[in-house]
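I have placed the structure first, in the form of structure tokens, so that the comments after it can refer back to it.
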Amino acid sequence: MLIDSRVASGLRDLTPSLAKPRERILDRFRQTFRGFGFQPIETPHIERKDVLTGKGAGSEEVLRQIFDVVNTGGTLGELALRFDHTVPLARFVSAHVNEIGLPFKRFAIGSVFRGERPAKGRFREFTQCDFDIVGSESIVADAEIVLVIHQALSFAEVPRATIWLNHRGLLEALLDVIGAADRGPAVLRALDKLTKAGRDVVLSELTNPEKGAGLAEIQALKVLEFVEQGKGGLGVLDRAEAVLGDRESARAALSQLRTVRLLLDESGVSEDAVQFDLGLARGLDYYTGIVMETTVNGWEKFGSISSGGRYDNLAGLFSARRIPGVGASIGLDRLIALLDEMGQLQKAAAHTGVLVGQFPGVPLEFPFRIASRLRGRGVQAECYPDPIPIGKQMAYGASRGYRFGLILGPDELDQGVFHLRDLTNRQETKGLSLAEVDEIVVRVLSEDPQGDAAAKAALKSRS
RNA sequence: GUGGGUGUGGCCUAGCGGUUAAGGCACCAGAUUGUGGAUCUGGGUAUCGCGGGUUCGAAUCCCGUCAUCCACCCCA
């Protein structure tokens with residue numbers, strides 16, 4: 001009986017068509033993080049379960065979705081797969097404050113695991129790219145986190161994303177104004193549906209006393225009115241101020257949001273790339289200041305590809321010392337799924353390197369040596385392993401994204417004269433010495449590292 | 001975790017109770033041991049998701065299960 005080769009629900013294999021662009025995006029994220037002075041850290045994929053589910057860290061939802069890890073003979077409930085990077089960060093900071101020093105900026109990229117029902121862009125194992133600034137309460141840190149999201153996505157060529165900002169202080173003040181301070185979570189949950197479900201659903205949920213927030217209709221309408229006019233640029237903050245201006249928490253929140261906008265202006269971030277959304281509710285359970293979420297314009301239904309915010313007391317579970325922080329996470333797999341859906345993933349196809357083909361009868365060390373020589377000059381090079389018909393070897397090279405084909409046969413071996421074929425346009429330069437091959441390959445690949453120009457030209461000449 | 005839809009080769013689909021499961025794309029081989037995406041020729045690569053049941057007979061009907069999609073829940 002053969003064993004089923006499929007992976008379990010919500011997990012997947014990535015073939016090169018997804019894994020290659022994924023690597024490329026990941027490289028660009030890393031470069032961005034390093035450019036802002038974030039340092040890499042690693043924590044285990046498996047943590048003690050009490051670390052992950054301790055009070056505060058472990059909402060009901062976390063408990064429902066967490067994966068237990070049990071080795072044979074081990075104790076059930078002792079270990080679990082990490083659910084996000086934030087709780088491990090809290091533990092990490094508590095354990096190592098004295099060696100890392102504060103403020104501490106770190107990034108962490110890796111799989112997290114959630115026992116959710118999978119859907120489009122939702123998996124049970126997925127990669128989160130987290131970056132956090134720990135140990136600073138400065139608004140500069142908040143602004144920098146927003147800027148990093150923006151820069152990382154731009155650098156990775158994600159089209160037309162909008163980062164939405166809100167502040168916990170504003171919603172607190174609003175609830176206070178309408179006299180429903182204790183209904184916070186239910187109100188937030190209802191508001192969150194505004195984009196998806198529409199006004200009527202939200203209104204009924206706000207007023208429903210059993211399943212919803214149980215507000216009076218007049219309260220509910222006020223909440224709706226506040227949120228509905230609250231999406232856009234700085235004008236949103238002015239309108240919020242008119243309603244909530246006399247509350248201290250609102251004043252502080254508005255001032256912080258305005259400062260963030262100012263700092264982003266200084267960094268050349270356009271007005272529409274970062275906007276305010278007074279209805280942004282997600283994550284408010286554990287965030288204490290600014291909160292943020294990112295969607296790609298026109299693909300809002302796909303969900304957020306990045307979210308984050310400020311938390312006052314990150315390490316509170318593990319240490320008496322109060323350590324504030326602000327950070328965000330980019331959901332790499334959802335981003336890839338979204339780009340794939342948008343048809344934006346093909347761009348990543350690179351034409352680089354040399355495929356070394358061989359004829360039967362040449363000693364096997366000949367192509368092996370030539371490929372090594374090219375690699376020694378920093379060029380990706382691969383020998384085709386078998387002396388099959390040379391056309392097949394060239395087809396292999398072309399379909400694998402090689403820029404050049406170099407054929408090694410008896411003539412080359414005897415006379416030291418080579419033909420270099422450009423696989424993107426089928427042009428062949430004949431009669432080259434080995435030194436000339438090196439020179440051309442290195443020059444062309446450095447002039448056009450992704451092979452975009454060559455590939456485009458090849459496409460044009462064919463059509 | 002709740003409700004519903006769908007599972008046929010690598011991908012998309014036809015077949016919807018009756019001989020050896022059909023087609024397109026892709027793939028492989030040959031025409032073509034010195035040159036690839038074109039052309040021609042040949043090839044089916046399938047436990048019809050899996051298990052059980054009904055039936056003389058099941059890809060087709062029923063049940064279970066797994067996977068997947070949609071809505072809810074929640075989130076990246």
Side-chain angles (χ1 to χ4, degrees), chain A residues 1-13 15 17 59-65 83-86 109-130 149 188-189 192-193 196-197 201 205 211 281-283 285-286 292-296 301-308 328-338 355 357-362 384 386-402 404-413 418-428 430 455 458-459 461-463:
Chain A
M1 182 65 189
L2 297 176
I3 295 170
D4 191 345
S5 62
R6 292 176 307 174
V7 296
S9 173
L11 309 176
R12 66 247 170 86
D13 294 321
T15 55
S17 65
S59 66
E60 252 175 63
E61 205 52 39
V62 174
L63 284 171
R64 205 177 82 186
Q65 297 188 351
F83 186 85
D84 63 14
H85 290 305
T86 305
I109 295 171
S111 286
V112 301
F113 303 84
R114 297 183 191 178
E116 287 189 291
R117 169 143 307 191
K120 199 185 283 297
R122 262 172 71 179
F123 313 100
R124 282 160 59 172
E125 175 183 9
F126 59 96
T127 300
Q128 282 198 320
C129 310
D130 270 45
I149 298 175
L188 298 183
R189 232 177 294 127
D192 196 37
K193 291 176 188 155
K196 267 190 188 169
V201 173
E205 200 153 320
K211 290 183 177 172
R282 291 172 181 179
D285 295 352
Y286 41 96
M292 59 197 82
E293 181 174 304
T294 307
T295 53
V296 171
K301 271 183 288 178
F302 210 86
S304 170
I305 54 171
S306 167
S307 71
S329 177
I330 303 179
L332 181 64
D333 294 296
R334 177 170 291 178
L335 177 61
I336 301 280
L338 175 55
L355 190 272
Q358 57 167 319
F359 273 96
V362 301
Y384 197 86
D386 302 293
I388 61 170
I390 202 66
K392 303 285 177 199
Q393 299 188 44
M394 293 300 107
Y396 169 90
S399 72
R400 296 304 191 286
Y402 279 99
F404 293 108
L406 184 65
I407 296 161
L408 302 184
D411 299 348
E412 284 80 0
L413 184 60
F418 297 84
H419 301 169
L420 183 66
R421 186 178 183 83
D422 188 330
L423 295 174
T424 56
N425 58 17
R426 305 182 178 221
Q427 299 284 313
E428 198 157 283
K430 302 193 172 183
L459 273 172
S461 69
R462 222 187 309 154
S463 55

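Chain naming here is simple, since letters A, B, ... match the order of the sequence lines and numbering starts at 1 in each. Since the model is a prediction, treat every value here as computed from it, not as a measurement.
Both A:S306 and A:E412 lie near RNA chain B, and the one whose nearest nucleotide falls closer to the 5' end is A:E412. Heavy-atom distances to RNA chain B give each of A:K120 and A:F126 a nearest nucleotide, and the one nearer the 5′ end belongs to A:K120.
In terms of heavy-atom proximity, A:A328 sits nearest to A:I149 at CB-CD1, 3.8 Å. Scanning both residues, A:R117 and A:R122, for their nearest heavy atoms gives O-NH2, 3.5 Å.
Side-chain contact check for A:E125 and A:S111: at least one donor-acceptor pair (N or O, by modelled atom type) lies under 3.5 Å.
For A:R117, the side-chain atoms get nearest to B:G1 when compared with the rest of B:G34, B:U35, B:G1. For A:F359, the listed nucleotide lying nearest its side chain is B:U33; candidates were B:U35, B:C75, B:U33. Of the listed nucleotides (B:C73, B:U35, B:A76), B:C73 has the atom at the smallest distance from the side chain of A:R64. The listed nucleotides are B:U35, B:C70, B:U68; the one nearest the side chain of A:A119 is B:C70. Residue A:Q128 places its side chain closer to B:A76 than to any other of B:A76, B:G36, B:U35.
For A:Q393 against B:U35, no side-chain N or O and base N or O form a donor-acceptor pair under 3.5 Å. Residue A:R426 places no side-chain atom within donor-acceptor reach of the base of B:U35, judged by atom type and a 3.5 Å distance cut-off alone.
Distance A:F113 CZ to B:C75 C1': 17 Å, rounded to the nearest Å. Protein atom OH of A:Y396 is 17 Å distant from nucleotide atom C1' of B:G37, rounded to whole Å. At whole-Å resolution of the value, CD in A:E116 and C1' in B:C73 are 9 Å apart. Computed from coordinates, the A:R122 CZ to B:U68 P distance equals 13 Å when rounded to whole Å.
Residue A:D411 is in base contact, counting any heavy-atom pair closer than 4.0 Å across all strands shown. Counting non-hydrogen atoms under 4.0 angstrom, A:I305 reaches the backbone sugars and phosphates but no base. Nucleic acid contact class of A:G308 (heavy atoms, under 4.0 Å, all strands): none. Nucleic acid contact for A:P360: base, since at least one base atom lies under 4.0 Å from a heavy atom of the residue. Heavy atoms of A:I330 sit nowhere under 4.0 angstrom from any nucleic acid atom.
Look at A:R12 and A:D333 and you find a salt bridge, because one of the NZ, NE, NH1 or NH2 atoms lies within 4.0 Å of a carboxylate O, short of that distance.
Ring pair A:Y384/A:Y396: centre-to-centre distance below 6.0 Å.
Each of A:R421, A:Q427, A:E428 was evaluated against A:N425; a single residue qualifies, A:Q427, per the side-chain contact (heavy atoms from CB on, under 4.5 Å) test.
Between A:S9 and B:U68, a side-chain N or O to OP1/OP2 separation shorter than 4.0 Å is present.
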Heteroatom pairs (N/O) under 3.5 angstrom, protein to nucleotides 40-43 of chain B:
none

Which nucleotides of RNA chain B pair, in dot-bracket form (Watson-Crick or G-U under 3.5 Å, | meaning another strand)
((((((((.[[[[.)..(...]]]].(((((.......))))).....[[[[[..)....]]]]])))))))....
